[in-house]
Enquirer: 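Attaching a single structure in structure tokens format; questions to follow.
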Amino acid sequence: MRLEDCKDDIVNVLISEEEIKQRMAEMGREISEDYRGKPLLLVGVLRGAIMVMADLSREISVPLQMDWMAVSSYGAATKSSGVVRILKDLNTDITDMDVLIVEDIIDSGLTLDYLKHNLESRGPNSVRIATFLRKPDVQKVDVPVDYVGFDIPNEFVVGYGLDYAEDYRHLTFVGTLAPHVYGG
């Protein structure tokens with residue numbers, strides 16, 4: 001979906017499709033260098049990280065495996081509740097593996113902090129984090145993030161995997177959602 005298809009719902013475009021492609025390529029090179037010679041497992045956090053995981057994995061030049069987890073701390077809200085539930089766990093035994101969590105967005109950090117500790121308890125060699133977006137102004141928990149696509153202001157954004165009520169994930173850019181859409 002392009003901006004012209006939903007222009008009344010988007011206040012402004014924060015990150016263009018071209019900027020996303022460029023940053024995914026840069027992150028892929030960084031990750032490839034850091035994991036050269038190591039068995040890498042990408043753990044995508046469903047559903048928001050689908051686009052990030054697909055594009056980022058194609059930019060990584062070392063052998064890798066992929067698995068998925070689904071966790072929830074939002075429900076249908078626009079802010080995290082802070083209560084984390086695992087809805088779908090890994091199919092892979094991560095013992096002695098190098099794990100890279102791939103996340104769409106970090107705001108409070110509560111979900112990611114829980115997820116990182118949960119995975120570390122399973123005996124991997126390492127657990128690191130890559131996120132497409134980070135909102136540093138609202139982070140409540142200091143979670144070490146190894147790869148950050150973009151830092152953004154504390155606004156409700158959609159596109160490139162990020163949704164509101166399961167809409168807008170398929171936008172090729174990241175934009176600020178108009179308050180009339182979500183009653184804000």
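Predicted model only: the values in this text are computed from it and were never measured.
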Enquirer: Look up atom CD in Gln65 and atom OG in Ser57, then write down how far apart they are to the nearest 0.5 Å.
Expert: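 Going from the CD atom of Gln65 to the OG atom of Ser57 covers 13.0 Å.
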Enquirer: According to the interplanar angle, ranging from 0 to 90°, do the rings of Phe150 and Phe132 count as parallel (below 30°), tilted (30 to 60°) or perpendicular (above 60°)?
Expert: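 Plane angle over 60°, so perpendicular.
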Enquirer: What pairs with Asn125 under side chain to side chain donor-acceptor pair (under 3.5 Å), at least two apart in sequence or on another chain?
Expert: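 Partners of Asn125 by the side chain to side chain donor-acceptor pair (under 3.5 Å) criterion come out as none, since no residue qualifies.
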Enquirer: For Leu64 and Tyr35, run side-chain contact (heavy atoms from CB on, under 4.5 Å): C-alpha distance rounded to whole Å, both residues' side-chain angles, the deciding distance at 0.1 Å, then the answer.
Expert: CA-CA 10 Å; Leu64 59 84; Tyr35 285 94; over 6 Å; no
Enquirer: Sequence neighbours left out, what passes salt bridge (charged side-chain N to carboxylate O under 4.0 Å, His left out) with Arg169? Give chain and number order.
Expert: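 Only Asp163, Glu166 meet the salt bridge (charged side-chain N to carboxylate O under 4.0 Å, His left out) criterion with Arg169.
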Enquirer: Which residues pass the side chain to side chain contact (heavy atoms under 4.5 Å, CB included) test with Glu120, not counting sequence neighbours?
Expert: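 Glu120 satisfies side chain to side chain contact (heavy atoms under 4.5 Å, CB included) with Lys116, His117, Val127 only.
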Enquirer: Between Val62 and Glu33, does the side-chain contact (heavy atoms from CB on, under 4.5 Å) criterion hold? Intermediate values first, please.
Expert: CA-CA 8 Å; Val62 299; Glu33 184 63 32; over 6 Å; no
Enquirer: Could you state the interatomic distance from CG (Leu41) to CG (Leu100), rounded to the nearest 0.5 Å?
Expert: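 One finds 9.0 Å between CG of Leu41 and CG of Leu100.
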Enquirer: Do the side chains of Ile86 and Tyr114 get nearer than 4.5 Å, heavy atoms only?
Expert: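 A side-chain contact exists here, since the closest heavy-atom pair is under 4.5 Å.
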Enquirer: Using the side chain to side chain contact (heavy atoms under 4.5 Å, CB included) criterion, which residues pair with Ile50? Sequence neighbours excluded.
Expert: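 Side chain to side chain contact (heavy atoms under 4.5 Å, CB included) check on Ile50 returns Leu46, Arg47, Trp68.
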Enquirer: Can you name the closest pair of heavy atoms from Leu119 and Pro124 and give their distance?
Expert: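 Minimum heavy-atom contact is O-CD, 3.3 Å.
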Enquirer: To the nearest 0.5 Å, how far apart are CG in Asp93 and CZ in Arg122?
Expert: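 Reported to 0.5 Å precision, the distance equals 9.5 Å.
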Enquirer: Less than 4.5 Å apart, any side-chain heavy atom of Val143 and any of Ile106?
Expert: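 Heavy-atom side-chain distance check fails, nothing below 4.5 Å.
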Enquirer: Taking atom CG of Leu112 and atom CD1 of Ile101, what is their separation to the nearest 0.5 Å?
Expert: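 Reported to 0.5 Å precision, the distance equals 5.5 Å.
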Enquirer: Quick check for you: to the nearest 0.5 Å, what is the distance between Met51 atom CE and Leu171 atom CG?
Expert: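 Interatomic distance, Met51 CE to Leu171 CG, rounded to 0.5 Å: 9.0 Å.
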Enquirer: Report yes if the side chains of Asp34 and Tyr147 come closer than 4.5 Å at any heavy-atom pair, otherwise no.
Expert: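 They are in contact (side-chain heavy atoms under 4.5 Å apart), so the answer is yes.
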Enquirer: Got a sec, which residues hit side chain to side chain contact (heavy atoms under 4.5 Å, CB included) with Val138, two or more places apart in sequence or on another chain?
Expert: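 Side chain to side chain contact (heavy atoms under 4.5 Å, CB included) list for Val138, sorted by chain: Asp107, Lys135, Asn154.
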Enquirer: Among all residues two or more places apart in sequence or in another chain, which pass the side chain to side chain donor-acceptor pair (under 3.5 Å) test with Asn12?
Expert: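 Checked Asn12 against side chain to side chain donor-acceptor pair (under 3.5 Å); matches are Thr176.
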Enquirer: Report the residues that fulfil side chain to side chain donor-acceptor pair (under 3.5 Å) with Ser121, sequence neighbours left out, ordered by chain and then residue number.
Expert: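 Per chain and number, Ser121 pairs via side chain to side chain donor-acceptor pair (under 3.5 Å) with no residue.
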Enquirer: For the residue pair Arg128 and Asp146, what are the closest heavy atoms and their distance?
Expert: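 That closest heavy-atom pairing would be CB-OD2, 3.1 Å.
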Enquirer: In terms of hydrophobic clusters joined by side-chain contacts under 4.5 Å, are Tyr168 and Tyr182 together?
Expert: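 They do share one cluster, since a chain of ILVMFWY contacts under 4.5 Å joins Tyr168 to Tyr182.
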Enquirer: Locate the shortest heavy-atom distance separating Glu155 from Leu14; write the atom from each residue and the value.
Expert: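 Heavy atoms only, the tightest pair is OE2-CD2, 4.3 Å.
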Enquirer: Please list, chain by chain and in numerical order, all residues satisfying salt bridge (charged side-chain N to carboxylate O under 4.0 Å, His left out) with Asp98, sequence neighbours excluded.
Expert: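 Result, salt bridge (charged side-chain N to carboxylate O under 4.0 Å, His left out) vs Asp98: none returned.
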Enquirer: Angle class for the Tyr164/Phe156 ring planes (parallel below 30°, perpendicular above 60°, tilted otherwise)?
Expert: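 Tyr164 vs Phe156 ring planes: perpendicular.
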Enquirer: Which residues pass the side chain to side chain donor-acceptor pair (under 3.5 Å) test with Glu26, sequence neighbours left out?
Expert: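 Counting only residues at least two positions away or on another chain, Glu26 forms a side chain to side chain donor-acceptor pair (under 3.5 Å) with Gln22, Arg23.
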Enquirer: Assigning hydrophobic clusters by single linkage (Ile, Leu, Val, Met, Phe, Trp, Tyr; side-chain heavy-atom cutoff under 4.5 Å), is Leu133 placed with Val11?
Expert: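 Different clusters: Leu133 never reaches Val11 through Ile, Leu, Val, Met, Phe, Trp or Tyr contacts under 4.5 Å.
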Enquirer: Test of understanding: with salt bridge (charged side-chain N to carboxylate O under 4.0 Å, His left out), list the residues that count as partners of Asp167, not counting sequence neighbours.
Expert: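 None.
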Enquirer: Write down the atom of Thr172, the atom of Ile20, and the distance for their closest heavy-atom approach.
Expert: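 It is O-CD1, 3.7 Å.
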Enquirer: Within a strict 4.5 Å, meaning less than it, do heavy atoms of the Val157 and Ile15 side chains meet?
Expert: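 Val157 does not reach Ile15 side chain to side chain.
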Enquirer: Going by heavy atoms in the side chains, are Arg36 and Ser61 under 4.5 Å from each other?
Expert: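 Answer yes - side chains close enough.
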Enquirer: Step by step, would you call Ile152 with Ile105 a side-chain contact (heavy atoms from CB on, under 4.5 Å)?
Expert: CA-CA 10 Å; Ile152 63 169; Ile105 189 167; 4.1 Å; yes
Enquirer: Restricting to salt bridge (charged side-chain N to carboxylate O under 4.0 Å, His left out), what partner residues turn up for Arg29, sequence neighbours left out?
Expert: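 Salt bridge (charged side-chain N to carboxylate O under 4.0 Å, His left out) check on Arg29 returns nothing, list empty.
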Enquirer: Which atom names give the shortest non-hydrogen contact between Ala130 and Met27, and what distance separates them?
Expert: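 In terms of heavy atoms, the two residues are closest at CB-CE, 4.2 Å.
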Enquirer: Which heavy atom in Asp8 sits nearest to a heavy atom in Ala178, and how many Å separate them?
Expert: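 Between these two residues, the closest heavy atoms are O-CB, 4.1 Å.
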Enquirer: So do Leu42 and Met53 actually touch side chain to side chain, heavy atoms under 4.5 Å?
Expert: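 The answer is yes; the side chains approach within 4.5 Å.
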Enquirer: Within a strict 4.5 Å, meaning less than it, do heavy atoms of the Leu40 and Ile31 side chains meet?
Expert: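 The answer is yes, as the side chains (C-beta and beyond) meet within the 4.5 Å cut-off.
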Enquirer: Hey, does Gln139 have a side-chain heavy atom less than 4.5 Å from the side chain of Arg134?
Expert: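 Counting from C-beta outward, Arg134 and Gln139 do come under 4.5 Å.
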Enquirer: Asn91: what forms a side chain to side chain contact (heavy atoms under 4.5 Å, CB included) with it, not counting sequence neighbours?
Expert: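 By the side chain to side chain contact (heavy atoms under 4.5 Å, CB included) rule, Asn91 matches Asp67, Lys88.
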